[in-house]
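Below: the structure, in structure tokens.
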Amino acid sequence: MRIVVLEDADAVAAFGANHIIEGIHRKPEITLGLATGSSPVRLYQNLIQVNQEHKVSFQKVSTFNLDEYLGLDGEHPQSYRYFMNEQLFNHIDIDLNNTHVPNGAAKNPLSACEEYEQAIRNRGGIEIQLLGIGRNGHIGFNEPTSSLSSRTRVKTLTKDTVDANRRFFAEGEFQPRLSLTMGISTIMEAQEILLIATGAGKAEAIKNTIEGPVSAFCPASILQMHAKVVVVIDKAAAQELKDVSFYEYIEQEQQRLLAAVKGE
Ligand code: GLP
């Protein structure tokens, strides 16, 4: 695991956006896995800015989002499709036909999940998967005790997740308890994973992800088994880690090595 500890949320967003932009420059027709929640919002703002400055184009990029609420269609302001359109897609030069979010209004959600898996396969798989993390260590909507081998499926949300996301819903408004989410195995098949987290509220989940045992009780801990993961966090999210100075030292050495290889 590459662990990058930065000063604050702005630095995390800039680093994350840059990582994705480099991926698009390497391969303009890249397939990205995208995430919702408050964590990626600033990162998306960075992408929008760089796109509007014509320094990166999304014209050939395809995207697959991690998850969606079951019971909300894409017109619903709390749906993740609506979120993605508002926070990113409507402001960049991407072809909306190349953007995919699980269908929360599907008549048959079980077959919608299988079709989603097939659509990812048809595109040749995800190259860079962006992840946030829930306070309980969930990724996508893979809640604690999710099978570490799971595929895209319908998942029941924990009370903690429902409570954490209540802030987005008006009082008395229907808030879904079920979701469609990529499975943990689906996520693990991405060639590369970029997890971002900021704030003290994520510190325990980050500790369990990086230093805890691999356990379905902290789904993000499976990332220890992935060969190419970068975890980008601010100081607040890093505060429970045992040995931040060691992680910073590794990162410095890595940068030194890369510079030497490039002949800088
Ligand atoms: C939701 C999403 C996750 C996200 C998590 C954290 O439950 N399904 O993909 O990582 O929330 O959200 P936030 O970034 O708002 O803390």
Side-chain angles (χ1 to χ4, degrees), residues 8-10 12-13 15-17 20 32-46 63-72 74 76-84 86-88 100-104 113 116 126 128-146 150 152-169 175-184 186-188 190 193-210 218-223 229-234 236-238:
D8 55 25
D10 281 336
V12 170
F15 185 103
I20 290 176
L32 299 173
L34 296 179
T36 52
S38 47
S39 303
V41 170
R42 281 187 231 196
L43 185 159
Y44 292 155
Q45 286 166 358
N46 277 274
T63 66
F64 286 89
N65 261 78
L66 284 165
D67 48 12
E68 179 59 284
Y69 286 116
L70 182 54
L72 302 189
H76 193 289
Q78 305 313 335
S79 72
Y80 284 169
R81 160 53 78 183
Y82 190 94
F83 173 101
M84 289 308 299
E86 288 285 303
Q87 298 292 336
L88 182 64
H100 306 84
V101 180
N103 182 4
C113 291
Y116 203 67
I126 290 168
I128 303 179
Q129 175 67 58
L130 174 65
L131 295 177
I133 185 169
R135 293 185 310 203
N136 59 11
H138 74 223
I139 46 177
F141 269 135
N142 294 286
E143 298 283 27
T145 71
S146 285
S150 51
T152 303
R153 67 210 184 294
V154 174
K155 275 300 287 179
T156 307
L157 307 182
T158 62
K159 188 177 172 309
D160 186 52
T161 299
V162 172
D163 289 348
N165 291 343
R166 180 159 296 132
R167 65 190 194 279
F168 298 113
F169 291 81
Q175 185 184 353
R177 287 348 189 215
L178 297 177
S179 65
L180 308 173
T181 181
M182 277 187 205
I184 293 178
T186 321
I187 293 170
M188 289 291 282
I193 292 181
L194 166 66
L195 185 147
I196 57 169
T198 57
K202 299 291 170 69
E204 194 188 342
I206 286 297
K207 179 189 171 48
N208 292 335
T209 299
I210 295 173
C218 175
S221 64
I222 190 68
L223 299 178
V229 179
V230 52
V231 177
V232 189
I233 51 181
D234 67 357

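Ligands are counted one by one from 1 in listed order, and the atoms in each one are counted from 1 as well. Quick caveat: nothing in here was measured; it's all calculated off a predicted structure.
Between Tyr116 and Thr181 there is no side-chain heavy-atom pair separated by less than 4.5 Å. Proximity of Leu43 to Gln45: side-chain heavy atoms (C-beta onward) are nowhere separated by under 4.5 Å. Side-chain contact between Arg42 and Asp10 is present, with heavy atoms from C-beta onward closer than 4.5 Å.
Remark: Gln87 pairs with no residue by the side chain to side chain donor-acceptor pair (under 3.5 Å) rule, at least two apart or across chains.
Side-chain N or O atoms of Glu68 include one that pairs as donor or acceptor with a backbone N or O of Arg81 at under 3.5 Å.
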Exercise answer, ligand 1 polar atom pairs (N/O) under 3.5 angstrom:
{"residue": "ligand 1", "atom": "7 (O)", "partner": "His138", "partner atom": "NE2", "Å": "3.0"}
{"residue": "ligand 1", "atom": "7 (O)", "partner": "Asn165", "partner atom": "ND2", "Å": "3.4"}
{"residue": "ligand 1", "atom": "8 (N)", "partner": "Asp67", "partner atom": "OD2", "Å": "2.7"}
{"residue": "ligand 1", "atom": "8 (N)", "partner": "Gly140", "partner atom": "O", "Å": "3.1"}
{"residue": "ligand 1", "atom": "10 (O)", "partner": "Ile133", "partner atom": "N", "Å": "3.2"}
{"residue": "ligand 1", "atom": "14 (O)", "partner": "Ser38", "partner atom": "N", "Å": "3.2"}
{"residue": "ligand 1", "atom": "14 (O)", "partner": "Ser39", "partner atom": "N", "Å": "2.9"}
{"residue": "ligand 1", "atom": "14 (O)", "partner": "Ser39", "partner atom": "OG", "Å": "2.5"}
{"residue": "ligand 1", "atom": "15 (O)", "partner": "Ser38", "partner atom": "N", "Å": "2.7"}
{"residue": "ligand 1", "atom": "15 (O)", "partner": "Ser38", "partner atom": "OG", "Å": "2.7"}
{"residue": "ligand 1", "atom": "15 (O)", "partner": "Arg167", "partner atom": "NH2", "Å": "3.1"}
{"residue": "ligand 1", "atom": "16 (O)", "partner": "Lys202", "partner atom": "NZ", "Å": "2.6"}

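Between Pro176 and the options Val162, Leu157, Leu72, a side chain to side chain contact (heavy atoms under 4.5 Å, CB included) holds for only Leu72.
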